[in-house]
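Reading through the structure tokens given below for one structure.
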Amino acid sequence: MAPGHVAYGLRAQYGLFIDPETVVAWERGRLLPTEQELTALAGVLWCAPAELIAAATTMREHRLARALSAEELARRVGVSAHAYQRMEDEGRWRGTERQTATLAEVLGLGPRALITATGGDAGLAELLRDAATTRWQAYVKPAVKMVPLPKKTVESALQRLHTDYHARMAATSSWGASGATGDEGRAYLEEITGHFWAAVGH
């Protein structure tokens, strides 16, 4: 189908007045369709909305990929539709531990995809840096609240991060160490999230 055919289908079948140039912009990734436009576009192209999303990363994209309305997802997770919509619009999830686990289940997200979708990447990285550089035990509960993994798994991963980081720093401070080794500790902290996912097996 040419862009003009798609635009005609959107108008004829769904009453959306989209010009062919907008369809081209969607194809090339210069513009993003709204939720209504994406659903209609999938209908015109005889496919599921998920097939039009290259790789879902946000809560909205994961929800659309599963053909759920914001109201339906909010109901299933146990939050008000208004509160859910606000969190989705802001890209920042603030649900309880139980609601977070339900969100992951409904959207079919593993721990790593869940953190990205709920806007928790930066927060997790900061938490992991603190756990590696100070007393890791104090960060087990906040990490478990953020990442739906068993407590024992998180404990083991945080202890490993802490041990690995301090081993690198100890090598830096030994009298025979070269100055370059100090960069290893800083580099380790910069890549801390990757080390965490490796430690928990994700």
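All of these numbers come straight from a predicted model, not from anything done at the bench.
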| query | Which atoms form the tightest heavy-atom contact between Ala157 and Ala199, and what is the distance? | reply | CB-CB, 3.8 Å
| Got a second to check how far Thr193's OG1 is from Leu124's CG, nearest 0.5 Å? | 5.0 Å
| Contact summary for Ala125 and Ile192, nearest pair of heavy atoms | O-CG2, 3.8 Å
| request: Could you pull out all residues at least two apart from Glu105 that satisfy salt bridge (charged side-chain N to carboxylate O under 4.0 Å, His left out)? | output: none
| remark: Between the CG atom in Leu189 and the CZ atom in Arg168, the distance rounded to the nearest 0.5 Å is 9.5 Å
| request: Would you indicate whether the side-chain heavy atoms of Gln159 and Glu155 approach each other to under 4.5 Å? | output: no
| note | Here the gap from Leu128 atom CG to Tyr165 atom OH, rounded to the nearest 0.5 Å, amounts to 13.5 Å
| message | Going by the rule side-chain contact (heavy atoms from CB on, under 4.5 Å), which residues pair with Ala138 if we only count those two or more places apart in sequence or in a different chain? | response | none
| field | Leu31 atom CG: more than 12 heavy-atom contacts under 6.0 Å | value | yes
| task | To the nearest 0.5 angstrom, please state how far the CD1 atom of Ile18 sits from the CH2 atom of Trp26. | result | 4.5 Å
| task | Applying ring-ring contact (aromatic ring centres under 6.0 Å, His included), name anything that partners Tyr188, two or more places apart in sequence or on another chain. | result | His195
| Taking a hydrophobic cluster as the set of Ile, Leu, Val, Met, Phe, Trp and Tyr residues connected by side-chain heavy atoms closer than 4.5 Å, whether directly or through intermediates, do Leu16 and Met1 fall within one such cluster? | yes
| task | Identify the two heavy atoms, one from Gly95 and one from Thr100, that lie closest to each other, and give their separation to 0.1 Å. | result | O-OG1, 3.8 Å
| request: Quick one: pull up CG in Asp89 and CZ in Arg60 and give me the separation to the nearest 0.5 Å. | output: 9.0 Å
| message | Applying side-chain contact (heavy atoms from CB on, under 4.5 Å) to Trp197 and Ile115, what does each step give before you reach the verdict? | response | CA-CA 11 Å; Trp197 293 123; Ile115 287 293; 4.0 Å; yes
| Quick check: are there more than 12 heavy atoms from other residues, nucleotides or ligands sitting under 6.0 Å from NE2 of His5? | no
| query | By salt bridge (charged side-chain N to carboxylate O under 4.0 Å, His left out), which residues pair with Arg92, not counting sequence neighbours? | reply | none
| task | State, to 0.1 Å, how close Ala81 and Glu71 come at their nearest heavy-atom pair, and which atoms those are. | result | CB-CG, 4.1 Å
| Can you pull the side-chain hydrogen bond (donor to acceptor under 3.5 Å, both in side chains) pairs that have at least one residue in residues 119-148, sequence neighbours excluded? | Thr116-Asp121
| message | Test side-chain contact (heavy atoms from CB on, under 4.5 Å) on Arg94 and Arg86; report intermediate values, then the result. | response | CA-CA 10 Å; Arg94 290 180 295 277; Arg86 188 173 68 249; 3.8 Å; yes
| said: Measuring from atom NZ of Lys151 to atom CG of Leu149, what distance do you get when rounded to the nearest 0.5 angstrom? | reply: 14.0 Å
| field | Closest contact, heavy atoms only, Ser80 versus Ala74 | value | O-CB, 3.9 Å
| said: Quick one, His162 with His166, criterion side-chain contact (heavy atoms from CB on, under 4.5 Å). Give me CA distance, side-chain angles, the key distance, then yes/no. | reply: CA-CA 6 Å; His162 183 269; His166 285 279; 3.3 Å; yes
| field | Residues clustering with Tyr84 (ILVMFWY side chains joined when closer than 4.5 Å, directly or via others) | value | Met59, Leu68, Leu73, Val77, Val79, Met87, Trp93, Leu103, Val106, Leu107, Leu109, Leu114
| field | Closest non-hydrogen atom pair, Pro3 against Pro20 | value | CB-O, 3.7 Å
| query | Is Leu45 linked to Tyr8 within one hydrophobic cluster, defined over Ile, Leu, Val, Met, Phe, Trp and Tyr using a side-chain heavy-atom separation of less than 4.5 Å? | reply | no
| In terms of heavy-atom contacts, does OH of Tyr14 have more than 12 from other residues, nucleotides or ligands at under 6.0 Å? | yes
| query | Is there a side-chain contact (heavy atoms from CB on, under 4.5 Å) between Val200 and Val154 once you walk through the steps? | reply | CA-CA 7 Å; Val200 297; Val154 172; 5.5 Å; no
